[in-house]
Amino acid sequence: MIQPVRYAGGVVHLLDQRRLPAEEAWQACSSVEEVARAIETMAVRGAPAIGIAAAYGVALAAARGDSIAAAIRRLSATRPTAVNLHWALARMESRYRQLQAAGAGPREVAAALEAEARAIQQEDLAMNLRMAEHGAALLPAGARVLTHCNTGALATGGHGTALGVIRTAWQQGRLRHVWVDETRPVLQGARLTAWELQKEGIPHTLIVEGAAAAVMRSGQVDAVLVGADRIAASGDTANKIGTYMLAVLARHHGIPFYVVAPWSTVDAALPSGDAIPIEERDPREVTGYGDVRWAPEGTPAFNPAFDVTPAELITAIVTDRGVLRPPYRDAIAALAVPDEPGPPALGRPAQDLGCW
Ligand SMILES: CSC[C@H]1O[C@H](OP(=O)(O)O)[C@H](O)[C@@H]1O
């Protein structure tokens, strides 16, 4: 099974997703700064996977006797939209406060924080497997689905979210074909989803985003499956740029539009999608790729990494706790666990936890 994040002996090992599919290269991060830069440059990416990487970054800080507070602050500042990152850091912070209150020494703290990060990773895999069963049951036999970006094992603790549903549907013999959106500008679909599907022999066809409407109109799509980076209490969902466009197209063509995400992606404290921070990335990701520039030098470009799909365009939200149907505010409230640690309120910097 593909696991893009590993940890051993105070080093975070990341399968460098910028270099896939050409080469499977691992990056060894021996400092919090290296982990933070790997998240910012998308060497590791995908909402759950960056949460897992950040959690191991905190464990790495403890193993090296570095400031936990400084590590959490730095890692919190890497990418704003994916709530899993902030949820994971809040959980690591909470565990560290417990250890401090108990008077734990440095070695005990390091071991406990490594165990907490490993639990986050293992729980994510378990959530994905549960979610995939819920999602596959929604698909007709012989389903032809369209998916956006990469929501597979590369983006999570394993198996995947939307792509996890696709994997499970394939294993159950319910899936016929996958339309893979290339997903400009970083091409997570063309580079990463195609790589994952090819490795498992799952039938798929790569398309440019601009072809999605025609493919839907041709009657060759039974469902659209996407992941999420943050789901507000209203059900409004932030996901990779281009998702909102697919939701509008799916509604126009009468095709079910499913969001698939673990509960760690739900930000129940956020009333609506209007307040979800949308990461803006380097315009050079739009004007070219790597060393190749296709727009004229100096061309202005707008590069939001995500957009928000209004809840009314979402047929169902598939989570590890079950399938949510509208009205989502009620459905989310019904599944929320009272006093469950959630992500910090938007914009709250990591509290100073005190340093050694
Ligand atoms: C299960 S991954 C969720 C989400 O993360 C991706 O964003 P990025 O590649 O920028 O990290 C994409 O929005 C996926 O749908």
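For ligands, and for the atoms within them, numbers begin at 1 and follow the listed sequence. Positions are given from 1 along the sequence.
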Report, in ascending order of atom number, the atoms of ligand 1 lying under 4.0 Å from any heavy atom of P48.
1 (C), 2 (S)
Atom 11 (O) of ligand 1 sits nearest the protein heavy atom G46 N, 2.8 Å
Side chain to side chain donor-acceptor pair (under 3.5 Å) evaluation trace for R95 with Q98
CA-CA 5 Å; R95 183 70 181 107; Q98 287 174 349; 2.9 Å; yes
Derivation and outcome, side-chain contact (heavy atoms from CB on, under 4.5 Å), residues L20 and L154:
CA-CA 10 Å; L20 286 173; L154 287 172; 3.9 Å; yes
Ligand 1 N/O within reach of K240 N/O, cut-off under 3.5 Å:
yes
With backbone taken as N, CA, C and O and side chain as the heavy atoms from C-beta onward, which portion of R45 lies under 4.0 Å from ligand 1: side chain, backbone, both, or neither?
both
Numbering the atoms of ligand 1 from 1, which are under 4.0 Å from a heavy atom of Q188?
8 (P), 9 (O), 10 (O)
Just to confirm my output: which protein heavy-atom neighbour is closest to atom 1 (C) of ligand 1, and how far is it?
T161 OG1, 3.4 Å
Can you name the atoms of ligand 1, numbered from 1 with element, that are less than 4.0 Å from a heavy atom of R79?
8 (P), 10 (O), 11 (O)
Result for side chain to side chain donor-acceptor pair (under 3.5 Å) between N150 and one of Q188, R191, K240, E196 points to E196
Just jot down the ligand 1 atoms closer than 4.0 angstrom to any heavy atom of A155, in number order.
1 (C), 2 (S)
Looking only at protein heavy atoms, what sits closest to atom 5 (O) of ligand 1 is D229 OD2, 3.2 Å
Take atom CD in E23; do more than 12 heavy atoms of anything else shown fall under 6.0 Å from it?
yes
Is there a side-chain contact between E280 and F302, using heavy atoms and a 4.5 Å cut-off?
yes
Which residue and non-hydrogen atom of the protein lie closest to atom 3 (C) of ligand 1, and at what distance in Å?
A228 O, 3.3 Å
Output the list of atoms in ligand 1 that are nearer than 4.0 Å to some heavy atom of A47, sorted by atom number.
2 (S), 3 (C), 5 (O)
Contact between E279 and ligand 1, counting heavy atoms under 4.0 Å?
no
Work out whether the distance between some heavy atom of H148 and some atom of ligand 1 is less than 4.0 Å.
no
Salt bridge check: are E209 and R184 linked by an N-O gap of less than 4.0 Å?
no
Is A305 in contact with ligand 1, taking contact as a heavy-atom separation below 4.0 Å?
no
Can you establish whether the number of heavy atoms outside Q198 located under 6.0 Å from its atom CD is more than 12?
no
Taking C-beta and beyond as the side chain, do L113 and I68 meet within less than 4.5 Å on heavy atoms?
yes
Distance to 0.1 Å, residue and atom name: give those for the protein heavy atom nearest to atom 14 (C) of ligand 1.
N239 OD1, 3.5 Å
Check for me, please, whether I72 and V35 land in the same ILVMFWY cluster - side-chain distances under 4.5 Å, paths through other members count.
yes
Can a non-hydrogen atom of G152 be found less than 4.0 Å from any atom of ligand 1?
no
Write out the residue and atom name of the closest protein heavy atom to atom 12 (C) of ligand 1, then the distance separating them to 0.1 Å.
C149 SG, 3.4 Å
Are any non-hydrogen side-chain atoms of Y244 and L313 less than 4.5 angstrom apart?
yes
Using only heavy-atom distances, determine whether the side chains of T168 and H159 contain a donor-acceptor pair under 3.5 Å.
yes
